[in-house]
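Worksheet: the structure to be examined is printed underneath.
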2 protein chains.
Amino acid sequence: MTTRRANIIADAIEQEILTRKLADGDRLDEHRLAERFDVSRTPIREALQLLQASGLVEHHPRRGVFVRQPGPIQLLEMFEVMAGLESMCGRLAASRISDAGIEELQKQNTICREAVATQDADMYFAANERFHHTIYAHCGNNFLELETLQLYRRLKPFRRQQLHLRGRLQQSLDEHEGIVEALSKGQTDKAASALLQHVAVQGEKFHRLLALSAIKAAE
Amino acid sequence: MTTRRANIIADAIEQEILTRKLADGDRLDEHRLAERFDVSRTPIREALQLLQASGLVEHHPRRGVFVRQPGPIQLLEMFEVMAGLESMCGRLAASRISDAGIEELQKQNTICREAVATQDADMYFAANERFHHTIYAHCGNNFLELETLQLYRRLKPFRRQQLHLRGRLQQSLDEHEGIVEALSKGQTDKAASALLQHVAVQGEKFHRLLALSAIKAAE
DNA sequence: GTCAATATTATCGTATACAAGAATTAGATT
DNA sequence: AATCTAATTCTTGTATACGATAATATTGAC
């Protein structure tokens with residue numbers, strides 16, 4: 001069903017939700033959106049349905065659709081699952097990854113190292129993303145890869161935030177080295193636990209960010 | 001967006017896909033479906049979109065939607081992920097489950113035992129489902145619970161098949177005992193590995209079934 | 001002045017009509 | 001007879017119109 005146009009519209013709205021231009025609870029009016037994108041309500045409704053399927057939006061019958069920003073608890077839950085999925089990818093990839101895959105990981109890691117040296121967070125983030133996606137791609141399980149990518153996309157804006165914490169870039173890079181080593185040696189358990197830690201710590205760091213902003217808000 | 005009616009229609013079609021009444025590649029004609037469910041094409045298209053989101057159906061632009069039965073490889077992949085998710089649930093539940101939760105698990109296990117004694121596969125399957133769902137419910141991660149439930153639903157018909165293999169009922173029950181023990185003692189690693197095994201073996205058994213039917217088909 | 005009830009308005013849910021593109025069939029030509 | 005082309009038909013994609021429901025505003029009574 002997903003028509004091309006609806007996908008474009010959904011992506012546009014998704015961007016605005018992920019970048020917080022649309023706040024939690026904001027109502028998405030079909031007429032306004034139709035006018036704004038210069039289409040009828042039909043493709044708008046399709047787009048909204050897509051957003052609902054990926055959980056970014058909530059539908060109340062006969063009321064309308066409302067953007068649903070995940071609360072801190074749900075975010076932590078999602079990071080917990082993300083860690084589990086990446087760990088799963090790592091475990092499988094450890095016994096299935098090719099030499100070319102290892103090389104690709106090392107290449108991205110080199111870029112990361114460079115980024116740390118120049119304190120270039122953007123560059124780090126991009127290479128980091130390719131690093132993780134490479135692991136997914138070599139887990140030998142297409143279904144797992146897609147599921148993991150989907151959750152990655154959803155957490156992407158939040159993963160990014162915590163990278164700005166002081167020292168996190170270097171720490172993240174160190175963890176990458178350990179992950180590559182485990183993968184190249186085919187150490188399934190080590191790869192799994194290293195990735196679990198690597199991603200889980202992001203959830204925790206993120207948690208710290210939340211606590212900090214809560215304190216600031218209270219002051 | 002998901003209107004009530006579209007959900008009902010989607011469920012009906014989903015049932016037919018899962019029970020193989022609709023075969024892989026079958027085209028779903030909007031007009032026919034509209035006529036059959038006595039609604040207009042609009043809610044039909046909504047329902048098809050829902051099915052697409054859950055991966056049961058594929059959409060080719062300007063061509064139509066086609067049912068997409070997972071092939072053997074994808075099924076194995078899905079079982080692999082299922083095992084990982086259940087394992088994750090088990091690991092978390094081991095440190096988070098309540099006494100009431102343990103009691104519930106034991107209760108379902110008692111029913112399972114009874115079902116094995118009377119060789120009642122239906123009864124076993126129902127109690128087995130509640131057993132697993134109880135674990136999901138006590139992992140303390142609502143997001144994980146929902147994701148796991150979603151995949152469970154999709155694999156349900158295939159999980160069922162392999163239970164009919166000789167001796168599998170008893171074996172499954174034995175594994176349940178081990179799982180409950182690990183959970184009640186708070187042994188996170190043991191609970192995780194026990195569940196990983198318990199579910200992964202289903203994928204393997206299912207694989208055996210596939211091989212058997214392939215041999216039969218070749219004869 | 002406040003509360004309640006009713007009327008009005010706005011928005012969603014569904015049906016239908018129309019447009020555009022793909023598939024199929026029929027006809028013509030080689 | 002086979003193949004290529006053109007035309008028709010069938011199906012999807014989109015717009016719009018209509019009906020139903022819920023939110024809101026207004027009016028009247030206490």
Side-chain angles (χ1 to χ4, degrees), chain A residues 1-18 20-70 150, chain B residues 1-18 20-70 150:
Chain A
M1 269 346 348
T2 301
T3 162
R4 176 101 195 100
R5 192 177 293 193
N7 258 309
I8 294 170
I9 295 170
D11 283 348
I13 301 174
E14 177 177 325
Q15 254 347 77
E16 295 184 5
I17 294 175
L18 292 180
R20 302 261 171 178
K21 279 179 72 175
L22 288 168
D24 186 63
D26 279 2
R27 189 165 148 283
L28 294 174
D29 185 81
E30 295 178 3
H31 274 104
R32 279 197 203 294
L33 290 172
E35 201 175 319
R36 180 180 146 198
F37 289 100
D38 196 36
V39 292
S40 80
R41 278 175 55 218
T42 310
I44 295 293
R45 285 175 66 84
E46 257 185 60
L48 292 178
Q49 224 177 310
L50 287 175
L51 292 175
Q52 189 193 21
S54 48
L56 281 86
V57 115
E58 219 169 48
H59 170 75
H60 299 269
R62 294 263 172 212
R63 300 280 304 271
V65 310
F66 301 84
V67 340
R68 168 128 174 66
Q69 293 282 8
Q150 194 179 315
Chain B
M1 268 344 346
T2 302
T3 166
R4 177 100 195 101
R5 191 176 294 194
N7 259 310
I8 294 171
I9 295 169
D11 283 348
I13 300 174
E14 178 178 325
Q15 253 348 76
E16 296 183 6
I17 294 175
L18 292 180
R20 301 261 170 180
K21 278 179 72 176
L22 288 168
D24 184 64
D26 279 2
R27 190 166 146 282
L28 294 174
D29 185 82
E30 295 178 3
H31 275 105
R32 280 197 203 295
L33 290 171
E35 201 175 321
R36 180 179 147 201
F37 288 101
D38 198 37
V39 293
S40 80
R41 279 175 54 218
T42 310
I44 295 294
R45 285 176 66 85
E46 257 185 60
L48 291 178
Q49 221 178 314
L50 287 175
L51 293 174
Q52 190 193 19
S54 49
L56 282 89
V57 116
E58 220 168 50
H59 171 73
H60 299 269
R62 292 265 174 208
R63 301 282 303 273
V65 310
F66 301 84
V67 339
R68 169 128 173 68
Q69 292 283 7
Q150 194 178 315

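No hydrogens, no waters, no symmetry mates; every other heavy atom, side chains included, goes into these values. We name chains A, B, ... by the order of the sequence lines, and we start the count at 1 in each one.
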Round to the nearest Å and state the distance from A/Leu33 atom CG to D/dT14 atom C1'. 17 Å

Starting from C1' on C/dT11, measure out to CZ on A/Arg62 and report it in whole angstrom. 9 Å

Any side-chain N or O of A/Arg45 under 4.0 Å from OP1/OP2 of C/dC12? no

Does B/Thr3 have a side-chain nitrogen or oxygen under 4.0 Å from the phosphate oxygens OP1 or OP2 of C/dT14? yes

Of the candidates C/dA15, C/dC12, D/dA15, the side chain of A/Arg27 sits closest to C/dC12

Spacing of A/Glu46 atom CD relative to C/dG13 atom C1', expressed in whole Å: 15 Å

When only distance counts, do a donor and an acceptor, one from the side chain of A/Arg41 and one from the base of C/dG13, lie under 3.5 Å apart? yes

On a heavy-atom basis, the closest approach of B/Ala10 and B/Leu51 is O-CD2, 3.6 Å

Between atom CD1 in A/Ile44 and atom P in C/dG13, what is the gap in whole Å? 15 Å

Could you walk me through whether A/Arg5 and A/Val39 pass the side chain to side chain contact (heavy atoms under 4.5 Å, CB included) check? CA-CA 9 Å; A/Arg5 192 177 293 193; A/Val39 292; 3.3 Å; yes

Distance test, side-chain N/O of B/His59 to OP1/OP2 of D/dT11, below 4.0 Å: no

Write down the atom of B/Pro43, the atom of B/Ala6, and the distance for their closest heavy-atom approach. O-CB, 3.9 Å

Apply the test side chain to side chain contact (heavy atoms under 4.5 Å, CB included) to residues B/Ile13 and B/Val57: give CA-CA distance (whole Å), side-chain angles for both, the deciding distance (0.1 Å), then the verdict. CA-CA 10 Å; B/Ile13 300 174; B/Val57 116; 5.9 Å; no

If I take atom CZ in residue A/Arg5 and atom C1' in nucleotide C/dG21, what distance separates them, rounded to the nearest angstrom? 14 Å

Does a side-chain N or O from A/Arg32 land closer than 4.0 Å to OP1 or OP2 of C/dC12, or not? no

State whether A/Glu46 and B/Arg45 are salt-bridged, where the test is any N-O pair (Lys NZ or Arg NE/NH1/NH2 against Asp/Glu carboxylate O) under 4.0 Å. yes

Find the distance B/Glu35:CD to D/dC10:P and express it as a whole number of Å. 14 Å

Hey, does the side chain of B/Arg4 come within less than 4.0 Å of C/dC12's phosphate (OP1/OP2), counting only N and O? no

Rounded to whole angstrom units, what separation is found between the NE2 atom of B/His60 and the P atom of D/dT11? 17 Å

In whole Å, what is the span from the CD atom of B/Glu30 to the P atom of C/dT14? 15 Å

Taking only side-chain N and O atoms of A/Ser40, does any of them lie within less than 4.0 angstrom of OP1 or OP2 on D/dA15? yes

Quick one: is C/dC12 close enough that its OP1 or OP2 comes under 4.0 Å of any side-chain N or O from A/Arg63? no

